Chemist: 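Please read through the structure below; I'll follow up with questions.
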Amino acid sequence: MTRNVPEKPSLDDLEAKWDARWESDGTFRFDRTKTRDEIFSIDTPPPTVSGSLHMGSVFGYVQTDSHARYRRMSGKEVFYPMGWDDNGLPTERRVQNYYGVRCDPTLRYDPDFIPPETPPDPPVSVSRRNFIALCHGLTAEDEVVFENLWRTMGLSVDWKQSYATIDEHSQRTSQKAFLRNLSRDEAYSQDAPVLWDVDFKTAVAQAELEDRERPGAYHRIAFRGRDGSEVLIETTRPELVCCCVGLVAHPDDERYQAIFGSTVTSPLFEVELPVMAHHLADPEKGSGIAMICTWGDTTDVIWWRELDLPTRAVIQQNGRFQTEVPEWIVGKEGKAAYREISGLYPNQAQRKMAELLAESGDLRGEPKPITHPVKFYEKGDRPLEIVSSRQWYIRNGGRDESLRQTLLEQGNHLDWVPDFMGVRYKHWVEGLNGDWLISRQRFFGVAIPLWYPLDAEGLPDYSAPITPDESELPIDPTSATPGGYQESQRGQAGGFVGDPDIMDTWATASLTPQIAGHWEDDPDLFDRVFPMDIRPQGPEIIRTWLFSTLLRSYYEHDQLPWDHATINGWILDPDRKKMSKSIGNVVTPLPLIEEYGAEAVRYWACNGRPGADTAVDYGVMKIGRRLAVKILNASRFALSFGDDVAPETINQPLDRSMLSGLAGVVEQATVAFEKYDYAKALEVAESSFWGWTDDYLELVKARAYGKGPEAQSAHASLQLALSVYLRLFAPILPFVTEEVWSWWKEGSVHRAVWPSPFEFEGLTGDPNVMSRTSEVLSAVRRAKSDAKTSMRTEVASLTVSGDSATIAAVERARPDLLEAARATDVAFVEGEFGVETILAG
RNA sequence: GGGCGUUUAGCUCAGCUGGCUAGAGCACUGCCCUUACAAGGCAGGGGUCGGGGGUUCAAGUCCCUCAACGCCCACCA
């Protein structure tokens, strides 16, 4: 092939050039004729497209791409799809803010609806169908932005394999898997207290909770015993006195032995309440005796359940206290007190109750301010309330010890990279305290594919849901009619009703291997890619995505969905602080790509050790850019000596010595990549490469410019080494290596074979020749540097001391050394290693 | 309260199964326009390896303990 080496090589615009070429050449197209053992499949994390782009998005994906590129070069056919997680609340929220709309399911579809130019305040209410249409439209735009970013970053994804968690295929897969869970009794519905976000008006799952420290205050409140004695409790939620169902203290607590089994009455409301014992009551907290309300926190739920207490729920799904006075409050004053708080939000009700209790004398002393952790939905802004509602669950071991053990074992069989990440999984599974709540009272998501028959009174029978046939999926039960019914029977007594809820986004995302692999839609493909080789992902979603995927795979296939889980580290801002929108320290990738180039950003991402928290570091990006420039320049030099020369001509000791070292580097880089350690692979290649340019290129330069067999040996060595270095760097720096490769090779470097020590067979020699000669050259440079003179200064006398092996090694590179050092001769002396340089002039 | 991770030069980090005077890059200093590269190259200064204790011929590397930081989890009255 004719050489096409540019005079002034540059990194500019390589991203766009090669992205377009790879696309048109189908370089990363998956060849599905390969068999499972020839395939390396990746369960790519589908990014949440409604989120903004930030460096965390880039970091893990680039690391994964390095694995994909390495495996492809080492002979595997790589199944590397890309998904978009567009389903769910983040998208709804983004659409609400972007267009200034709210979904009101009671409204009718307006086919002519056009969203306002600028988001109005207050927002416009739109029908469910209009709202969903807006969600689809905006996510489609967001997906284009993401795809462009990934292409610029050089992800070697097969873009023909993309999916979105809201697309029809994903919906079908998700509904099918759910129906299978239902048929095997792995899913069930239940009317029970759930953690509830009052703004989003939906239930949320344990995995989506987070604690936030909030100010509160202990209110000391008096309950009265039958004999007129007082029982003082302390609570941070005095507004819940009205829904108190009992008091509880520890069974061993001396102070309360006398009143266990008796009753007290609540202040203001005058409700008679039992005093009970339970081991979860902590004698150290407050007065040691607590009021149980339905429901103030999750402990209340446990007490309520285990002590078999009545349900007196007052907080509604809209977050407000119910307006009518509850029937358990019978006294006139009690009713009057309740009317003071009816319809209020808890924080308002709390202030009111504190006033009322103070007036009545039942609040003792001033409330004591404290800071305490409060449960929030991770995407929510107000504390969660606990309300009773019917929800769907998938059994996850949270209430079944043997299933929990099985899932823990599954986790043990997974290869975690790095391995300490497995501990996080273990802790999560061990800490599960309930099944996985998958239903959400939202709109943009995969529908729960069920209807319920209505009895003669028009009440749904939840115990006998009507299921669709799998061939009908996906369905929307709020518009589709179940078999055996007429649409006119919807909502009528003796008819049916569709489940209005959707599934949590994780209920679909937990099926990414099945979605990407086209489980059952294309069983031939699925068998070729499943179980997948790796699941790359962030540490924060081990409890959600990783766990739920493992669970669904266990249920559906009775095996792990992947062999390895590669967990990337956390991304920190340049000051090593966690990046978050609220702090305003989010670093976005586009300006950095603009300034340093995608390759430099990739270099940064692959510099972080697997699993290590990594700060955005512009210095590292600069180094990456410099490395890429160096590759261009060194390549230009190495390829500036005429045609390709066969490796058999390599006969010079220095050349063979250099290749020995390189063979070792190849070995190390390969081992590192096999262990998913892209950072180590990069490091060994990089340090070797700088040595190659600094020393080998300098030593060989004069000879290479000459003629004859010695020159030929140099040319062949330069070419072979360059070819190896380009391939070693290709997984990390795909653009610059491809660019150089294109100057003198056919095809893509990314489809070239990964270098192996085998390539150096018969071409290696004593590694000391290179290393020792480099040391001598270094010493000569030092002498010139100390003398503050140019490196071109002639050396009048050069004496190398060393043991016989060292002398022999340097001797063998004598002509190259003399040229590089600008010396006319070198003398050797047996003894301690040392170099004496006397400069001319 | 429990767990995991981190703590090595001013900064960002390597240092694998313990072994010669602890490494890299950035920053800093000096020199050099040498025909691959001056948005470069060459060379140099700089560290009691978080504190304390222990094992060992030998510890940044193993054990114990303490501390700081980060993250995860926990029933938060």
Side-chain angles (χ1 to χ4, degrees), chain A residues 5 8-9 209-214 216 218-219 233-237 240 247-249 280-282 285-293 296-303 370-375 383 418 420-424 426-428 430-431 433 539-540 542-543 569-570 572 574 576-578 604 607-609 611-620 622-627 629-640 668 671-672 675 677 679-680 683-684 686-687 690 693-694 697-698 701 705 777-793 820 822:
Chain A
V5 183
K8 192 80 184 161
L209 305 182
E210 68 183 29
D211 286 352
R212 296 184 199 157
E213 288 290 332
R214 282 295 131 111
Y218 277 126
H219 297 69
I233 61 107
E234 286 195 4
T235 180
T236 55
R237 302 203 63 180
L240 296 181
L247 299 190
V248 65
L280 281 183
D282 182 353
K285 272 186 189 154
S287 55
I289 189 162
M291 69 170 183
I292 306 169
C293 307
D297 62 32
T298 51
T299 318
D300 278 346
V301 177
I302 296 171
W303 282 326
I370 55 156
T371 305
H372 63 156
V374 178
K375 283 201 190 308
F420 66 78
M421 291 292 183
V423 177
R424 301 193 183 196
K426 182 166 168 278
H427 286 165
W428 172 250
E430 285 172 348
N433 53 30
E540 74 283 7
I542 290 174
R543 67 177 186 171
W570 201 260
L572 308 168
R576 294 200 64 76
K577 294 274 187 309
K578 184 174 166 176
W604 162 77
N607 225 279
R609 252 55 202 172
D613 293 350
T614 303
V616 173
D617 188 334
Y618 308 114
V620 173
K622 272 192 206 163
I623 300 163
R625 185 174 178 85
R626 181 179 302 175
L627 173 62
V629 170
K630 192 76 173 176
I631 290 172
L632 286 176
N633 289 319
S635 301
R636 197 171 95 79
F637 171 76
L639 297 177
S640 61
Q668 288 181 59
V671 168
K675 290 196 290 193
D677 192 346
K680 182 80 180 172
E683 187 195 293
V684 296
E686 187 186 6
S687 64
W690 282 106
T693 61
D694 291 349
L697 260 49
E698 290 303 322
K701 194 176 276 180
Y705 277 120
L777 179 60
S778 208
V780 173
R781 287 177 184 147
R782 195 176 305 123
K784 292 181 182 178
S785 200
D786 289 347
K788 298 186 189 294
T789 181
S790 161
M791 291 298 145
R792 302 173 75 181
T793 306
R822 302 213 172 227

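Owing to the predicted nature of the structure, the values given are computational and were not obtained by experimental measurement. Order of the sequence lines fixes the chain letters, A, B, ..., with proteins taken first and strands second; residue numbering starts at 1 for each chain.
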Chemist: Between B/rA77, B/rA43, B/rC37, which nucleotide has the shortest distance from any of its atoms to the side chain of A/Lys630?
Modeler: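 When the side chain of A/Lys630 is considered, B/rC37 is the closest of B/rA77, B/rA43, B/rC37.
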
Chemist: Taking the P atom in each of B/rC66 and B/rA59, what is the distance between them to the nearest angstrom?
Modeler: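 Between the two P atoms, the distance is 24 Å.
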
Chemist: Return whichever of A/Arg212 or A/Trp570 has its heavy-atom-nearest nucleotide of RNA chain B closer to the 5' end.
Modeler: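 So the residue in question is A/Trp570.
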
Chemist: How long is the line joining CD of A/Glu540 and C1' of B/rG70, in whole Å?
Modeler: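 In whole Å, B/rG70 C1' lies 14 Å from A/Glu540 CD.
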
Chemist: Of the candidate nucleotides B/rC72, B/rC75, B/rC4, which contains the atom at the shortest distance from the side chain of A/Thr298?
Modeler: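 Nearest listed nucleotide: B/rC75.
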
Chemist: Write down the distance separating the C1' atoms in B/rU6 and B/rA74, rounded off to the nearest Å.
Modeler: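 That atom pair is separated by 23 Å.
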
Chemist: Any side-chain heavy-atom pair from A/Lys680 and A/Arg609 closer than 4.5 angstrom?
Modeler: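 Side-chain contact under 4.5 Å: yes.
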
Chemist: For A/Leu697 and A/Ala634, work out which heavy atoms get closest and say how close.
Modeler: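 Distance-wise, the nearest heavy atoms are CD2-CB, 4.1 Å.
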
Chemist: A/Ile370 vs A/Thr236, test: side-chain contact (heavy atoms from CB on, under 4.5 Å). Steps then yes/no.
Modeler: CA-CA 9 Å; A/Ile370 55 156; A/Thr236 55; 3.8 Å; yes

Chemist: Is the closest basic N to carboxylate O distance between A/Glu686 and A/Lys630 below 4.0 Å?
Modeler: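 A salt bridge is absent here (no side-chain N lies under 4.0 Å from a carboxylate O).
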
Chemist: Write down the distance between CG (A/Leu627) and P (B/rG40), rounded to a whole number of angstrom.
Modeler: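 Going from A/Leu627 (CG) to B/rG40 (P), I get 13 Å.
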
Chemist: Give A/Asp282 one of three labels, base, sugar-phosphate or nothing, depending on what nucleic acid heavy atoms sit under 4.0 Å from its own.
Modeler: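 Base contact.
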
Chemist: I need the minimum non-hydrogen distance between A/Leu240 and A/Cys293, along with the two atoms involved.
Modeler: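 Here A/Leu240 and A/Cys293 meet closest at O-SG, 3.4 Å.
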
Chemist: Take the protein atom CG of A/Leu280 and the nucleotide atom P of B/rA77, then report the distance between them rounded to whole Å.
Modeler: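 Checked: the CG to P distance equals 14 Å.
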
Chemist: Remember a base hit wins even if backbone is also touched, and classify A/Val374 as base, sugar-phosphate or nothing at under 4.0 Å, heavy atoms.
Modeler: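 Contact class for A/Val374: base.
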
Chemist: Check every atom of B/rG41, B/rA77, B/rA43 against the side chain of A/Asp786 and return the nucleotide holding the closest atom.
Modeler: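 So the nucleotide nearest the side chain must be B/rA43.
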
Chemist: When you compare B/rG44 with B/rU35, how far apart are their P atoms, in angstrom units rounded to a whole number?
Modeler: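 It works out to 23 Å between them.
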
Chemist: Could you measure between the two C1' atoms, the one in B/rC49 and the one in B/rC37, and give it in whole Å?
Modeler: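 My reading of the C1' atoms in B/rC49 and B/rC37 gives 36 Å.
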
Chemist: Just by distance, do the side chain of A/Trp303 and the backbone of A/Leu247 share a donor-acceptor pair under 3.5 Å?
Modeler: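 Checking the backbone N and O of A/Leu247 against the side chain of A/Trp303, no donor-acceptor pair under 3.5 Å is found.
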
Chemist: Kindly point out which of B/rA77, B/rC37, B/rC75 is positioned nearest to the side chain of A/Ala281?
Modeler: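 Among B/rA77, B/rC37, B/rC75, the one nearest the side chain of A/Ala281 is B/rA77.
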
Chemist: So what's B/rA59 paired with, Watson-Crick or G-U wobble, going by both distances under 3.5 Å?
Modeler: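 For B/rA59, the partner nucleotide comes out as none, under the 3.5 Å rule.
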
Chemist: Just compare B/rA77, B/rC4, B/rC75 and give me whichever is closest to any side-chain atom of A/Val423.
Modeler: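 For the A/Val423 side chain, the nearest candidate turns out to be B/rC4.
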
Chemist: Provide the distance between the two C1' atoms, one in B/rA38 and one in B/rC42, to the nearest whole Å.
Modeler: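 Result for the C1' pair: 13 Å, nearest Å.
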
Chemist: Distance between the C1' atoms of B/rC75 and B/rU56, in whole angstroms?
Modeler: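 Nearest-Å result for B/rC75 against B/rU56 at atom C1': 48 Å.
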
Chemist: Grab the CG-C1' distance between A/Leu697 and B/rG40 for me, whole Å please.
Modeler: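 My rounded result for the distance is 15 Å.
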
Chemist: Please compare A/Phe637 and A/Pro539 by the position of their nearest nucleotide in RNA chain B and report the one closer to 5'.
Modeler: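 Nearest-nucleotide comparison on RNA chain B picks A/Phe637.
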
Chemist: Using whole Å, report how far CZ of A/Arg636 lies from P of B/rC37.
Modeler: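 The answer, rounded to whole Å, is 6 Å.
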
Chemist: Given B/rA77, is OP1 or OP2 found less than 4.0 Å from the side-chain N or O atoms of A/His372?
Modeler: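 Affirmative; the distance criterion is met.
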
Chemist: Go ahead and name the base partner of B/rU35; Watson-Crick or wobble counts if both distances stay under 3.5 Å, otherwise write none.
Modeler: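 Pair assignment: B/rU35 / none.
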
Chemist: Does A/Lys375 put a side-chain nitrogen or oxygen below 4.0 Å from OP1 or OP2 of B/rC75?
Modeler: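 True: A/Lys375 side-chain N/O within range (under 4.0 Å) of B/rC75 OP1/OP2.
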
Chemist: Counting only Watson-Crick pairs (N1-N3 plus N6-O4 or O6-N4) and G-U wobbles (N1-O2, O6-N3), all under 3.5 Å, who is the partner of B/rG25?
Modeler: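 The answer is B/rC11, by the H-bond criterion.
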
Chemist: So which nucleotide does B/rU6 pair with, by the Watson-Crick or G-U wobble rule with both distances under 3.5 Å?
Modeler: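 Base partner found: B/rA68.
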
Chemist: Quick one: does A/Lys784's side chain get under 4.5 Å of A/Arg822's, heavy atoms only?
Modeler: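 Counting from C-beta outward, A/Lys784 and A/Arg822 do come under 4.5 Å.
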
Chemist: Does the structure place the NZ or CZ of A/Lys285 under 6.0 Å from the centre of the six-membered ring of A/Tyr218, at an angle of no more than 45° from the ring's axis?
Modeler: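 No, a cation-pi geometry is absent between A/Lys285 and A/Tyr218.
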
Chemist: For A/Ile542 and B/rC4, what is the distance between atoms CD1 and P respectively, to the nearest whole Å?
Modeler: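 Nearest whole value for this atom pair: 14 Å.
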
Chemist: If we take the C1' atom in both B/rC62 and B/rC71, what is their distance in whole Å?
Modeler: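 These two C1' atoms come out 26 Å apart once rounded.
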
Chemist: When you measure from the side chain of A/Trp690, which nucleotide among B/rC75, B/rG41, B/rG44 comes out closest?
Modeler: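 Out of B/rC75, B/rG41, B/rG44, the nucleotide with an atom closest to A/Trp690's side chain is B/rG41.
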
Chemist: Any donor and acceptor pair, going by atom type alone, linking the side chain of A/Ser785 with main-chain N or O of A/Arg782 inside 3.5 Å?
Modeler: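 No: the side chain of A/Ser785 does not pair with the backbone of A/Arg782.
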
Chemist: What's the CD-C1' distance between A/Glu430 and B/rC73, to the nearest Å?
Modeler: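 It is 11 Å, rounded to the nearest whole Å.
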
Chemist: B/rG45 pairs with which nucleotide, Watson-Crick or G-U wobble, both distances below 3.5 Å?
Modeler: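 Partner of B/rG45: none.
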
Chemist: Quick one: look up who B/rG18 pairs with, Watson-Crick or G-U, both distances under 3.5 Å, and put none if it's unpaired.
Modeler: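 Check on B/rG18: unpaired, no WC or wobble geometry under 3.5 Å.
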
Chemist: Under 4.0 Å between a side-chain N/O of A/Arg424 and OP1 or OP2 of B/rC71, yes or no?
Modeler: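 No.
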
Chemist: Can you give one letter per nucleotide of nucleotides 13-34 of chain B, 5' to 3': B if a protein heavy atom sits under 4.0 Å from the base, S if only from the sugar-phosphate, - if neither?
Modeler: SS----------SS---BSS-S

Chemist: Please give, in whole Å, the distance from B/rC72 P to A/Arg543 CZ?
Modeler: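 Going from CZ in A/Arg543 over to P in B/rC72 covers 8 Å.
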
Chemist: Distance between the P atoms of B/rU12 and B/rG50, in whole angstroms?
Modeler: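 Roughly 15 Å separates the two P atoms.
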
Chemist: Report the nucleotide, chosen from B/rC4, B/rA77, B/rG44, that has the shortest atom-to-atom distance to any side-chain atom of A/Arg782.
Modeler: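 Selected nucleotide: B/rG44.
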
Chemist: Which pair of non-hydrogen atoms, one from A/Gly611 and one from A/Met421, has the smallest distance, and what is that distance?
Modeler: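 Smallest interatomic distance, heavy atoms only, reads O-CE, 3.9 Å.
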
Chemist: What nucleic acid atoms does A/Tyr618 come within less than 4.0 Å of, heavy atoms only: base, sugar-phosphate, or nothing?
Modeler: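 No contact.
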
